Amino acid sequence: MSTRELFTIRLAPAIGHRFQPTGFPNLGAATFDVPTNDGWETWLRVESEQSMANRLEATLWDEPDQSPETVVARLPHVNVIDKDGAWLTSSRLEAHRLASAYIRHSTDADGNKGPDIINNALGSEGDRARSPHEFAEGLFRLDPMTLVHGVFLAQKEFKGNPKVCRAITAFIEARDVREAHGGGVKKDSVHIGADSKAGRGAADGYGMIPFDRLEWTAREILLCVDLDLAQIASYGLPETATMLLADIARLQLRRLLDGGLRLRTACDLVVQDDEIVAHDGTQLPTREELEQRVSAAIDDVGDLLADPLTVTWTKGK
């Protein structure tokens, strides 16, 4: 059995040739040079690991209903409500998952504080560092997605500061890129010119305001994915639970590819490959097959499952 499933998936703009990459504060678009046989080639970071993790997680979240998708609805997670009982967020949405400030600063129905709930579930004793297999079952009972996308309980309230790396990492890069300059005009159908003295200045949104825009073209756009099966196996969970976590990651990837990669207004990408095959020849199953496998595995891990937990955020006024 392979210890990793590595994918390099070819993408292209859905229309035209131009696309807009992610931008970083004080940096803008991130370019870097890659050595080739006859020199160097300029590459571009289109989407970061952090952003792709959010996009993968979103494939199993029903945003209109603010709840997990049906296929994983039976898996435990933590919901956060305010003091009036209104839903606020979930461990499935928060950047730090169980380490979210909204969970840390919450209490359950019995008055237990967030860190105490998590410490008790993980069986934390003392402040010694522990390997993931020592607390994996506890994380699985709270929210199995933390074992797919990682969690770092870094605050002093958490004994031993448990940490789990991402088991699936993805990013998008573009090869041999060139700048594509363009622009436009913000239209004012009432006043062509801005008049700051009259209270109709450009800063207030008045007038015809030209702007420039930098987009890019590329010889090739690649989605790179690393599913670390060895890490998932290292949790020491029962085989069915181990297979469930791996198939959840595969299902997220499949749903992302099937649903389209419209990353931004000017960055709508489509998959060019007819089949999604890992470097070792393993083919990514269809969405239907993966959903069936995930549902069957959830049926078989019943003893490890807990009911979804609801906590109340206590910092809100």
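A quick note: this is a predicted structure, and the numbers were derived from the prediction, not measured.
- More than 12 heavy atoms of other residues, nucleotides or ligands lie within 6.0 Å of CG in Leu27, so this atom counts as buried by the packing criterion.
- To the nearest 0.5 Å, atom CG of residue Leu251 and atom CG of residue Leu256 are 11.0 Å apart.
- Judged by distance alone, with hydrogens and angles left aside, the side-chain atoms of Ser100 form no donor-acceptor pair with the main-chain N or O of His96 at under 3.5 Å.
- With Glu57 as the fixed residue, the salt bridge (charged side-chain N to carboxylate O under 4.0 Å, His left out) test singles out one of Arg166, Arg97, Arg92: Arg97.
- Nearest heavy atoms, Pro285 versus Arg293: CG-NH1, 3.5 Å.
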| request: In sequence, state the C-alpha distance, the side-chain angles, and the governing distance for Arg264 and Glu47, and then conclude on side-chain contact (heavy atoms from CB on, under 4.5 Å). | output: CA-CA 10 Å; Arg264 282 166 288 281; Glu47 202 73 359; 2.9 Å; yes
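- Heavy-atom contacts from other residues, nucleotides or ligands closer than 6.0 Å to CZ of Arg18 number 12 or fewer.
- The backbone N or O of Ala154 lies less than 3.5 Å from a partner atom in the side chain of Asn161, making a donor-acceptor pair.
- Looking only at atom types and distance, the side chain of Thr89 has a donor-acceptor partner in the side chain of Glu94 under 3.5 Å away.
- Atom CH2 of Trp216 is separated from atom NE2 of His181 by 7.5 Å, given to the nearest 0.5 angstrom.
- In this structure, a donor-acceptor pair under 3.5 Å is absent between the side chains of His133 and Ser234.
- The pair Arg250-Glu5 meets the salt-bridge criterion, since a charged nitrogen lies less than 4.0 angstrom from a carboxylate oxygen.
- Under a hydrophobic clustering in which Ile, Leu, Val, Met, Phe, Trp and Tyr are joined whenever their side-chain heavy atoms come within less than 4.5 Å, directly or via other members, Leu237 and Leu122 fall into the same cluster.
- We find the OG1-CZ distance between Thr22 and Arg45 to be 9.0 Å, quoted to the nearest 0.5 Å.
- Proximity of Val78 to Val311: side-chain heavy atoms (C-beta onward) are separated by under 4.5 Å at one or more points.
- Hydrophobic clustering (side-chain heavy atoms under 4.5 Å, transitive across Ile, Leu, Val, Met, Phe, Trp, Tyr) keeps Val277 apart from Leu223.
- One N or O on the side chain of Asp143 and one on the backbone of Met145 form a donor-acceptor pair closer than 3.5 Å.
- Here the CD1-CE distance, from Ile168 to Met52, works out to 8.5 Å after rounding to the nearest 0.5 Å.
- Residues Cys267 and Val46 come closest through the heavy atom pair SG-CG1, 4.2 Å.
- Judged by distance alone, the side chain of Ser48 and the main-chain N or O of Ser51 form a donor-acceptor pair under 3.5 Å.
- Atom CG of Asp116 sits about 8.0 Å away from atom NZ of Lys159, to the nearest 0.5 Å.
- The environment of CG in Asp280 is crowded: more than 12 heavy-atom neighbours from other residues, nucleotides or ligands sit within 6.0 Å.
- Counting heavy-atom neighbours within 6.0 Å of Phe19 CZ, excluding the residue itself, gives a total above 12.
- The residues Asp299 and Arg74 are annotated as salt-bridged, a charged nitrogen and a carboxylate oxygen being separated by less than 4.0 angstrom.
- Within 6.0 Å of CD in Gln50 there are more than 12 heavy atoms belonging to other residues, nucleotides or ligands.
- Checked by atom type and distance alone, the side chain of Arg55 pairs as donor or acceptor with a backbone atom of Leu263 at under 3.5 Å.
- Panel note: side chain Asn79, backbone Thr310; no donor-acceptor pair is recorded below 3.5 Å.
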| Which is it for Arg287 and Asp258 under the salt bridge (Lys or Arg N to Asp or Glu O under 4.0 Å) test, yes or no, and what are the steps along the way? | CA-CA 8 Å; Arg287 171 174 173 167; Asp258 290 354; 5.7 Å; no
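- Side-chain N or O atoms of Asn119 include one that pairs as donor or acceptor with a backbone N or O of Pro115 at under 3.5 Å.
- The backbone N or O of Ala218 sits nowhere less than 3.5 Å from a side-chain atom of Arg175 that would complete a donor-acceptor pair.
- Across all their heavy atoms, Leu75 and Pro308 have their closest contact at O-CG, 4.5 Å.
- In this structure the side chain of Leu244 reaches within 4.5 angstrom of the side chain of Ile298, judged on heavy atoms.
- Pro76 and Leu305 make their closest contact through CD-CD2, 3.7 Å (heavy atoms, listed as atom of the first residue, atom of the second, distance).
- Cluster membership for Ile172 and Leu214, using ILVMFWY side-chain heavy atoms within less than 4.5 angstrom, is shared.
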| field | CA sep, side-chain torsions, deciding dist, call: Arg254, Glu289, salt bridge (Lys or Arg N to Asp or Glu O under 4.0 Å) | value | CA-CA 10 Å; Arg254 173 53 77 183; Glu289 181 180 348; over 6 Å; no
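- Scanning both residues, Leu227 and Ala246, for their nearest heavy atoms gives CD2-O, 4.1 Å.
- Heavy atoms only, all atoms of each residue included: Arg4 and Asp226 are closest at NH1-OD2, 2.9 Å.
- A continuous path of ILVMFWY side-chain contacts below 4.5 Å connects Leu56 to Val71, so both sit in one hydrophobic cluster.
- Rounding to the nearest 0.5 Å gives a distance of 7.0 Å between CG of Asp62 and OG1 of Thr70.
- Ring planes of Trp61 and His77: perpendicular class, angle over 60° (limits at 30 and 60°).
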| request: Might you work through the side-chain contact (heavy atoms from CB on, under 4.5 Å) test for Phe158 and Leu98, ending with a clear yes or no? | output: CA-CA 11 Å; Phe158 298 112; Leu98 292 176; over 6 Å; no
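- Val294 and Leu253 fall within a single hydrophobic cluster, where Ile, Leu, Val, Met, Phe, Trp and Tyr side chains are chained together by heavy-atom contacts under 4.5 Å.
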| task | Assess whether side-chain contact (heavy atoms from CB on, under 4.5 Å) is satisfied between Ile9 and Ile276, documenting all intermediate values. | result | CA-CA 7 Å; Ile9 302 165; Ile276 308 302; 3.8 Å; yes
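- Residues Ile103 and Ser91 meet the side-chain proximity criterion, which asks for heavy atoms closer than 4.5 Å.
- Under the 3.5 Å distance criterion, the side-chain polar atoms of Arg255 are matched with a main-chain donor or acceptor of Thr59.
- With Pro13 as the partner, the side chain to side chain contact (heavy atoms under 4.5 Å, CB included) test is satisfied by one option alone out of Asp268, Val270, Ile221: Ile221.
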| Chi angles and distances behind the side-chain contact (heavy atoms from CB on, under 4.5 Å) call for Val148, Gln252 | CA-CA 10 Å; Val148 176; Gln252 289 178 337; 4.2 Å; yes
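- Annotation: side chain of Asp33 is not in contact with side chain of Glu41 (no heavy-atom distance under 4.5 Å).
- Around the NE2 atom of His279, the shell of radius 6.0 Å holds more than 12 heavy atoms that belong to other residues, nucleotides or ligands.
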